[in-house]
Amino acid sequence: MTAEGHDSAPADIELRVAALEKVMIEAGLVASDTIDAIVDTYENQVGPHLGAAAVARAWVDEDFRRRLLDDATTALAELGIGGVQGEVVVAVENTERVHNAVVCTLCSCYPWPVLGLPPAWYKSPPYRARMVREPRAVLAEMGLQLDPDVEIRVWDSTAEIRYLVVPRRPAGSEGMEEEDLAALVTRDSMIGTGEPRLPS
Amino acid sequence: MTAEGHDSAPADIELRVAALEKVMIEAGLVASDTIDAIVDTYENQVGPHLGAAAVARAWVDEDFRRRLLDDATTALAELGIGGVQGEVVVAVENTERVHNAVVCTLCSCYPWPVLGLPPAWYKSPPYRARMVREPRAVLAEMGLQLDPDVEIRVWDSTAEIRYLVVPRRPAGSEGMEEEDLAALVTRDSMIGTGEPRLPS
Amino acid sequence: MDGIHDVGGMEGFGPVVVEDDEPVFHHRWEQRVFGMNFSAVGVDADRFRHAIERMDPAAYLATSYYEHWLHAIETLVVEAAGVPPEQLAEARRQLAAVPDPSAAVPHHVEPAWAVALVAAVTTPPPPPAAATDARWPPGARVRVRRHIVSAHTRCPRYVRGAVGVVEAVRGVFRLPDASVAGDPDRREAVYSVRFEAEELWGAPGHRVGLDLWESYLEDAG
Amino acid sequence: MDGIHDVGGMEGFGPVVVEDDEPVFHHRWEQRVFGMNFSAVGVDADRFRHAIERMDPAAYLATSYYEHWLHAIETLVVEAAGVPPEQLAEARRQLAAVPDPSAAVPHHVEPAWAVALVAAVTTPPPPPAAATDARWPPGARVRVRRHIVSAHTRCPRYVRGAVGVVEAVRGVFRLPDASVAGDPDRREAVYSVRFEAEELWGAPGHRVGLDLWESYLEDAG
């Protein structure tokens, strides 16, 4: 039924999407404003600032850090963070010796409640194919040169568990407030393909 | 360098091919008439009639049959058959209990000197992917319903050995001349995806 | 299903291309597709993923992520919601005749649905049941079965036959293989299993963790 | 290389489509591509196959057999024959400006080459050397190595780790893995190995034979 061409022109895609929405609305399967609301939720409400807040809290609050590493789903709920595609969240912490990174080889599973929707590269076959086989090379290409002594642990999200990388707190951030620390925590540092920003 | 589009229009392909031929001719790598000659060879000289002649000979000449099954490369050379993509040919014989069929999962290796160039379906991903996994279903789709008791042996041409299936001589062909028998031997019956024609 | 989606470890894909300052959505149609999935047809992640996996392999690789979603929703609107395929074709014919198809989509609001939906997606669901009768404890050596013949599975090819170590038992979850085959009630323990790169690829250098259902595994012996 | 070309056992490809009364070539450009391969650039089958295997996976699946050949010859004209890529681009620019590019290709004949070439392709080459020091005799049980990390290999993924029985020793052949890596002189015994469908796919019903180089195999233990 849906043998789309390999080079669907934008107009074709828009037509297909409009036809599908028309049929679904007429069948009572969806409403115009449910689509608007869900898009607004993931464009404007849920995003990597939530994960960044949790990471910053872990950096300043040792008890929270332990709870996050022990049971991230529950610890995140303390901050009001949780929901679809985050039914079970596991936080994995980077150290001097261990660097964690996340992938989903089979589709593009990603911890929506803490990071929002994934970027295109995360969903692309090159990242999915290569990250489990040659992560050090992929990370280097993405600008993250890891010391050869650092052990890389790649988490392939094959089931309903979603992973949040807790990056290392950057040097020079010792006196900073939690909110300012959160601004250092990038999306990529929580996927494991980058590091937090350095304090300016 | 050659990032062709996914839907190369015929005109694009023709332009690419013409440009390549121009460059190769100017570099002395190929000549116009070598291309013509090789195309003529495989369009008009080398084809499944050669394999059919060998199969018919095996049906009428028990000594030849034994030589063919023992060392097909040498036996075919007796008939003047041999060449590129047939450096080593192995003949596999169908019996009441065993049915042989040939595939090349990695590319599209095929015994050119006995069968000519392969048909498009032989080179297609569906045939290559499925033939080693579910040959009985593929053969049935292609019109060859095998008795469940018949053992299927699939030969995946992963090295430089090429396979020729020797089909069973059809019932009712007992009195026929070798040349008339050859006319019963189809290309597909020598790949293992069909049976010889029945005598009319 | 050993389909085209199972790309882990495949070579030849080239560099990871990163777009600077990427927006959440690139086109309005992506927003609509994303939103339409939050409906009865998209709610079953197993069937949704399987609908994508059944795409023609050439089309799968040549199309974008949200085109995969579009394909899946179109498929499930027919298969799961019972909409006749002719109805989709007819809607396309009708909208192809107007200058702006998107503007011609009926506007129908259900404010209560929208509120409930947003609340639902941003509320953590209850935790999975603890795996009280898990077969293997953390530290156990397990081998991934060589043969997984399900129409839909979450056991990638690249770990089949490999030996790893159980890092944690994640709880009890619905088995996707059974769910897509019509038995949504079958549940199993899920294990986080750690593999050495040497075991997976023949060269050391890193570790890979996967979450695998109990029936994907056997004793390493 | 675990590339897109290695499709054996992959699911989701749909039916085998057979064309009735198919011609040997469908288009004139296919004839030219086929013919151009019989030159110094196409003579090395290992490098030729590897050039195809390196195609972008989406392009590989979306293009026809002779487009794969075209890609390989374009690649090898540069890599093996040393033609600067700009020369190909320039020829395309020039020919794009004429109404019939094919007619604008220079005509140059070498009758002696043509005669020699046809003789060469229709004359059986000498048989391979017999494998006098083959490690396994017919009947031996062998296991395919799980890890083949060559840039180019003729050991498909679907038999990795599987146990089979040697049916015959086919002789000594150049090892494609070494050849593409720059060592064309390395030769090894090639074995015809028979596998049960049960071992390969977890369900019985047929046997599959593959011709595998000695270094792809190990004792089944």
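Owing to the predicted nature of the structure, the values given are computational and were not obtained by experimental measurement. All chains are named by letter (A, B, ...) in the order of the sequence lines, taking the proteins before the strands, and each is independently numbered beginning at 1. Note that these values count all heavy atoms, side chains included, but never hydrogens, waters or copies made by symmetry.
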Open item on the list: Does any backbone or side-chain atom of C:Leu210 lie under 4.5 Å from a heavy atom of chain A? Answer side chain, backbone, both or neither.
Closed with: both
Task: A:Gln45 and C:Thr122, any side-chain heavy atoms less than 4.5 Å apart - done: no
Task: A:Asp36 and C:Arg32 ion-paired at < 4.0 Å - done: yes
Task: Heavy-atom contact with chain A under 4.5 Å, split by part of C:Glu22 - done: side chain
Open item on the list: Please classify the contact of C:Val24 with chain A as side chain, backbone, both or neither, using a heavy-atom distance under 4.5 Å.
Closed with: side chain
Open item on the list: Just verifying a value: how many Å separate A:Cys107 SG and C:Trp69 CH2, rounded to the nearest 0.5 Å?
Closed with: 10.0 Å
TODO: Output the distance between atom NZ (A:Lys123) and atom OG (C:Ser64), rounded to the nearest 0.5 Å.
DONE: 8.0 Å
Open item on the list: With side chain to side chain contact (heavy atoms under 4.5 Å, CB included) as the criterion, how do C:Tyr158 and A:Asp156 come out once you've worked through the C-alpha distance, each side chain's angles and the decisive distance to 0.1 Å?
Closed with: CA-CA 11 Å; C:Tyr158 78 88; A:Asp156 185 359; 2.7 Å; yes
TODO: Please answer whether the main-chain N or O of C:Glu67 pairs with a side-chain N or O of A:Arg16 as donor and acceptor at a distance below 3.5 Å.
DONE: no
- [ ] Could you tell me whether the side chain of A:Thr158 and the main chain of C:Asp211 form a donor-acceptor pair under 3.5 Å?
- [x] yes
Open item on the list: With a 3.5 Å distance limit and no angle check, can you tell me whether A:Arg128 reaches the backbone of C:His5 through a side-chain donor-acceptor pair?
Closed with: yes
Task: Residue among C:Ala203, C:Pro15, C:Pro127, C:Pro128 with most heavy-atom pairs under 4.5 Å to chain A - done: C:Pro15
Open item on the list: Which label fits C:Phe34 and A:Tyr42: parallel for a plane angle under 30°, tilted from 30 to 60°, or perpendicular past 60°?
Closed with: perpendicular
Open item on the list: Any non-hydrogen side-chain atom of C:Trp201 less than 4.5 Å from a side-chain atom of A:Val132?
Closed with: yes
Task: Residue part contacting chain C, namely of A:Glu141, when any heavy atom lies under 4.5 Å - done: side chain
Open item on the list: For a quick test of reading the model, state the closest non-hydrogen atom pair linking A:Glu134 to C:His206 and the distance between them.
Closed with: N-CE1, 4.5 Å
Open item on the list: Could you go through C:Glu11 and A:Arg133, starting from their C-alpha distance and side-chain angles, then the distance that decides it, and tell me whether this counts as salt bridge (charged side-chain N to carboxylate O under 4.0 Å, His left out)?
Closed with: CA-CA 9 Å; C:Glu11 300 179 289; A:Arg133 185 161 188 156; 3.7 Å; yes
Open item on the list: At a 4.5 Å cut-off on heavy atoms, which part of C:Pro126 comes close to chain A: side chain, backbone, both, or neither?
Closed with: neither
Task: When A:Thr105, A:Asp33, A:Val84 are compared by non-hydrogen pairs under 4.5 Å with chain C, the top option - done: A:Asp33
- [ ] Among the options C:Pro101, C:Gly9, C:Ser39, C:Gly205, pick out the one with the most heavy-atom pairs lying under 4.5 Å from chain A.
- [x] C:Gly9
Open item on the list: Give me the atom names and distance for the closest heavy-atom approach of C:Pro106 to A:Ser32.
Closed with: O-OG, 3.7 Å
Open item on the list: Could you tell me if the side chain of C:Glu90 sits less than 4.5 Å from the side chain of A:Val23, heavy atoms only?
Closed with: no
Task: For C:Gly14 against A:Pro126, the heavy-atom pair lying closest together - done: O-CB, 3.6 Å
TODO: Specify which of A:Leu106, A:Asp40, A:Ile25 makes the most heavy-atom pairs with chain C at under 4.5 Å.
DONE: A:Leu106
TODO: Compare all side-chain heavy atoms of A:Ile13 with those of C:Tyr66 and state whether any distance is below 4.5 angstrom.
DONE: no
Open item on the list: Within the 4.5 Å heavy-atom criterion, are A:Glu43 and C:Gln31 side-chain neighbours or not?
Closed with: yes
Open item on the list: According to salt bridge (charged side-chain N to carboxylate O under 4.0 Å, His left out), does anything in residues 172-197 of chain A pair up with another residue at least two apart or in another chain? List the pairs.
Closed with: A:Arg57-A:Glu178
- [ ] With a 4.5 angstrom heavy-atom cut-off, could you sort out which part of C:Ala81 is near chain A: side chain, backbone, both or neither?
- [x] side chain
Task: C:Val18, part contacting chain A, at a heavy-atom distance under 4.5 Å - done: both
Open item on the list: So for C:Tyr60, is it side chain, backbone, both, or neither that comes closer than 4.5 Å to the heavy atoms of chain A?
Closed with: side chain
Open item on the list: Need one label for C:Val17: side chain, backbone, both or neither, based on atoms under 4.5 Å from any heavy atom in chain A.
Closed with: backbone
Open item on the list: Using a 4.5 angstrom heavy-atom cutoff, name the option from A:Leu20, A:Val39, A:Val30 with the most pairs to chain C.
Closed with: A:Leu20
Open item on the list: Less than 4.5 Å apart, side chain to side chain, heavy atoms only: is that true for A:Trp155 and C:Val208?
Closed with: no
Task: Leading residue by heavy atom contact count with chain C [cutoff under 4.5 Å; candidates A:Val138, A:Val90, A:Val89, A:Val150] - done: A:Val90
Task: Which portion of A:Arg136 sits near chain C, non-hydrogen atoms under 4.5 angstrom - done: side chain
Open item on the list: Give me the atom names and distance for the closest heavy-atom approach of C:Arg154 to A:Ser157.
Closed with: NH2-O, 3.5 Å
Task: Residues from residues 164-178 of chain C approaching chain A under 4.5 Å (heavy atoms) - done: C:Glu167, C:Arg170, C:Phe173
Task: Side-chain heavy-atom pair A:Thr34, C:Phe38 within 4.5 angstrom cut-off - done: no
Task: Contact class of A:Leu76 relative to chain C, heavy atoms under 4.5 angstrom - done: neither
TODO: Determine whether more than 12 heavy atoms belonging to other residues, nucleotides or ligands lie under 6.0 Å from atom CD of C:Glu19.
DONE: yes
Open item on the list: Are the side chains of A:Lys22 and C:Gln94 in contact, using a 4.5 Å heavy-atom criterion?
Closed with: yes
Task: Closest-packed option against chain C by number of heavy-atom pairs under 4.5 Å, given A:Ile161, A:Leu29, A:Val46 - done: A:Ile161
TODO: Under 4.5 Å heavy-atom distance to chain C, tell me which part of A:Thr73 shows up: side chain, backbone, both or neither.
DONE: neither
